[in-house]
Protein chains: 2
Amino acid sequence: MLDAATFAGICKALGHPARIRIIEHLRAIDRCICGEIVQILPLAQSTVSQHLKVLKAAGLVKGEVEGPRTCYCLDGEVLDRFKKTAASI
Amino acid sequence: MLDAATFAGICKALGHPARIRIIEHLRAIDRCICGEIVQILPLAQSTVSQHLKVLKAAGLVKGEVEGPRTCYCLDGEVLDRFKKTAASI
DNA sequence: CTCATTAATCGTAGAATGACGATAAAGAAT
DNA sequence: ATTCTTTATCGTCATTCTACGATTAATGAG
């Protein structure tokens with residue numbers, strides 16, 4: 001369960017279609033690099049990187065550097081708390 | 001279940017602490033008029049009216065005019081679809 | 001070492017958001 | 001009819017968001 005401000009923050013991060021699609025993709029394939037998401041979305045690399053930054057700042061996504069690339073995956077813990085809070089609204 | 005764009009739109013509407021508080025209050029007392037929400041939040045009447053408009057545009061809230069005042073309540077249907085979609089992310 | 005690949009950051013421009021006070025509209029009350 | 005109450009809308013300003021291209025940083029390959 002999350003307090004109202006934190007919940008609002010996560011909602012805000014999810015409040016963009018591109019970021020929803022990123023989340024859905026990460027859920028589908030577990031983990032992937034930024035470039036893969038760039039392929040999927042009709043957005044520039046820098047824009048995708050920004051969206052990933054927003055999701056990371058909200059805690060929904062974790063990124064670990066693997067050489068020259070960064071591998072992203074969902075933070076199941078945070079996602080779970082979000083779901084539980086959403087269910088209790 | 002909602003498509004990605006609709007879900008993102010609702011998340012966006014929920015992406016502000018004041019609007020979360022409005023939703024929570026409406027859930028707690030079922031229905032109330034705008035002025036009551038103005039009492040609760042540290043915001044000007046016009047600002048609260050704007051927030052209500054955002055929630056209404058997202059479909060989360062319904063408002064019916066009752067004489068000079070407007071009575072707001074949650075749209076349980078939409079809220080349910082939101083919760084189900086959130087749970088499936 | 002040099003070059004290629006990958007992702008983050010910078011700078012920027014335009015659109016949207018959030019806040020307010022002032023005003024308008026609609027009805028109730030006197 | 002006039003006044004009061006309530007809410008929506010308007011106009012405005014500062015801030016944030018979204019998108020892009022260009023640049024930088026980091027690493028791997030040759």
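Treat the numbers as computed from the prediction; the structure is a model and nothing was measured. Naming convention: chains lettered A, B, ... in sequence-line order (proteins, then strands); numbering from 1 in each chain.
At a threshold of 4.0 Å, the pair A:Lys62-A:Glu77 does not count as salt-bridged, since none of the basic side-chain nitrogens sits closer than that to a carboxylate oxygen.
The shortest distance between the side-chain N/O atoms of A:Ser46 and the OP1/OP2 oxygens of D:dC20 is not below 4.0 Å. For B:Lys12 and C:dA16, the shortest distance from a side-chain N or O to OP1 or OP2 is not below 4.0 Å. Applying the 4.0 Å criterion to OP1 and OP2 of D:dA8, one finds that B:Ser49 has a side-chain N or O inside that range. In terms of phosphate contacts, B:Tyr72 brings a side-chain nitrogen or oxygen within less than 4.0 Å of OP1 or OP2 of D:dA8. Phosphate contact (OP1/OP2 of D:dC17, side-chain N/O of B:His16, threshold under 4.0 Å): absent. Contact check, B:Lys53 against D:dA8: no side-chain N or O comes under 4.0 Å of OP1 or OP2. The shortest distance between the side-chain N/O atoms of B:His51 and the OP1/OP2 oxygens of C:dA19 is below 4.0 Å.
A:His25 pairs with exactly one of A:Ile29, A:Ile23, A:Ile22 by the side chain to side chain contact (heavy atoms under 4.5 Å, CB included) rule, that one being A:Ile29. The only member of B:Leu74, B:Val78, B:Leu79 that meets side chain to side chain contact (heavy atoms under 4.5 Å, CB included) when paired with B:Val61 is B:Leu74.
Note on B:Leu52: nothing from the nucleic acid sits closer than 4.0 angstrom, heavy atoms only. Within 4.0 Å (heavy atoms only), A:Thr70 reaches sugar-phosphate atoms of the nucleic acid but no base atom. The residue A:Lys56 sits apart from the nucleic acid: no heavy atom pair falls under 4.0 Å.
Each of A:Arg69 and B:Gln45 was assigned the nucleotide of DNA chain D with the nearest heavy atom; the assignment lying further toward the 5' end belongs to B:Gln45. Looking at which nucleotide of DNA chain C each of A:Glu36 and B:Thr47 is closest to, the 5′-most match is held by A:Glu36.
Between B:Ile22 atom CD1 and C:dG18 atom C1' the separation is 13 Å, expressed in whole Å. Rounded to whole angstrom, the span from the CD atom of A:Glu64 across to the C1' atom of D:dA26 amounts to 16 Å. In this entry the distance linking CD of B:Glu66 with P of C:dA25 reads 23 Å, nearest Å. Spacing between atom CG of A:Leu55 and atom C1' of C:dA8 amounts to 15 Å, rounded to whole angstrom units.
When all heavy atoms of B:Gly67 and B:Val65 are compared, the pair lying nearest together is O-CG1, 3.3 Å.
Minimum atom distance to the side chain of A:Cys34 is reached by C:dA8, of the listed D:dG28, C:dA28, C:dA8.
Of the residues in residues 37-44 of chain B, none has a non-hydrogen atom less than 4.0 angstrom from any atom of DNA chain D.
Ring geometry for B:Phe82 versus A:Phe82: interplanar angle over 60°, hence perpendicular rather than tilted (30 to 60°).
Checked by distance alone, A:Gln50 brings no side-chain donor or acceptor within 3.5 Å of a matching partner on the base of C:dA8.
A:Cys34 contributes atom SG, which lies 10.0 Å from atom CD of A:Gln39 (distance to the nearest 0.5 angstrom).
Counting heavy atoms from C-beta on, the side chains of B:Leu14 and B:Cys11 never come closer than 4.5 Å. For the pair A:Val54 and A:Arg19, the minimum side-chain heavy-atom distance is below 4.5 Å.
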